[in-house]
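Below: the structure, in structure tokens.
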Amino acid sequence: MDDVRTSGNGNVDWGEEVFRTLRRHGIRLVATVPDGGLGRFLELCDADPGVRLVTLTTEEEGIALACGSWLGGELAVVAMQSSGVGNVVNMLGLPNVCRIPCLLLVTMRGEAEERNPWQVPVGRAVPEVLAALGVQVLRPESASAVGPAFNEAAAQAREAAARGVGGPVAVLVSQRIIGAKSFAGGQGSAGGERPASGQGPASGQESAPGASS
């Protein structure tokens with residue numbers, strides 16, 4: 001790995017580390033239902049003319065897009081909030097059965113300091129659900145470990161594909177790393193996530209699972 005980037009407050013900028021790793025692996029397609037926890041990573045992807053950032057209407061579209069990308073010879077990333085994992089359960093059968101590698105970058109909810117009860121059931125179930133569907137799951141324990149975990153996931157995906165046993169690999173970025181959602185304004189609005197790792201504050205309204213915020 002190269003030198004690890006930190007934010008102005010000294011925390012590891014895991015979003016930039018993932019972005020730099022993505023570029024080193026020559027990945028040029030990122031599909032996402034945007035989430036505040038992914039903000040820094042998505043900003044960097046959007047600003048780089050060498051990366052195509054595709055905004056989805058629902059997460060399962062990203063799985064299909066990643067599979068099509070691999071048929072064209074390129075590995076792709078699907079980035080989502082953990083609530084979106086519930087939307088891709090059926091679609092994950094496609095890369096699993098067809099042995100197509102794809103990378104999932106998942107920002108977790110329903111964990112540390114979660115204030116929205118809607119997020120808790122799916123958030124807690126995500127690791128086991130993905131594992132039951134044959135997805136390799138990597139769970140970095142700190143902001144500094146996210147970039148290396150993503151690097152390992154990309155390497156695993158390519159190596160498995162070369163052996164004819166490809167499939168999806170997921171990196172789950174815990175809520176302890178991202179920071180818990182805060183609720184400001186007294187109207188139930190989401191004032192963003194309290195940044196725990198150099199990520200900028202998120203914007204947008206809080207919502208029930210299936211509609212990331």
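Excluded from the calculations below are hydrogen atoms, water molecules and symmetry mates; all remaining heavy atoms, backbone and side chain alike, are included.
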Heavy-atom nearest pair, Thr21 first then Gly147, reads OG1-O, 3.9 Å
Rounded to the nearest 0.5 angstrom, the CD1-CZ distance for Ile27 and Phe19 is 11.0 Å
Nearest heavy-atom contact between Val33 and Thr58 is CG2-C, 3.8 Å
Rounded to the nearest 0.5 Å, the CD atom of Glu141 sits from the CD1 atom of Ile177 at a distance of 7.5 Å
Here the gap from Leu22 atom CG to Phe41 atom CZ, rounded to the nearest 0.5 Å, amounts to 5.0 Å
Correct closest heavy-atom pair for Leu65 and Ala31 would be CD2-CB, 3.8 Å
Value for CD1 (Ile63) from CG (Asn90), rounded to nearest 0.5 Å, stands at 11.5 Å
Residue pairs meeting salt bridge (Lys or Arg N to Asp or Glu O under 4.0 Å), one or both in residues 69-85, sequence neighbours left out, come to Arg28-Glu74
- Message: Looking at Arg99 and Gly164, would you say the former's side chain and the latter's main chain have a donor-acceptor pair under 3.5 Å?
- Response: yes
Q.
I'd like to check Ser82 versus Leu172 (side-chain heavy atoms, cut-off strictly below 4.5 Å). Are they in contact?
A. no
To the nearest 0.5 Å, atom CG of Leu130 lies from atom CD of Gln136 at 11.5 Å
Note: Val88 and Met80 closest approach over all heavy atoms is CG1-CE, 4.2 Å
Separation between CG (Leu92) and SG (Cys102), nearest 0.5 Å, reads 7.0 Å
Practice item. Give a yes or no on this: more than 12 heavy atoms of other residues, nucleotides or ligands lie within 6.0 Å of atom CZ of Arg158. Key: yes
Please report, to 0.1 Å, the donor-acceptor pairs under 3.5 Å made by any side chain of residues 43-53, with sequence neighbours excluded.
from, atom 1, to, atom 2, distance (Å)
Asp48, OD1, Gly50, N, 2.7
Asp48, OD2, Arg23, NE, 3.0

Test side-chain hydrogen bond (donor to acceptor under 3.5 Å, both in side chains), reference Asn151, set His25, Gln156, Arg20, output is His25
Hits for side chain to side chain contact (heavy atoms under 4.5 Å, CB included) against Glu111, two or more places apart or cross-chain, chain-then-number order -> Met108, Arg139, Ser174, Gln175
Heavy-atom nearest pair, Ala143 first then Trp14, reads O-CB, 3.6 Å
Nearest heavy-atom contact between Phe150 and Val171 is CA-CG2, 3.9 Å
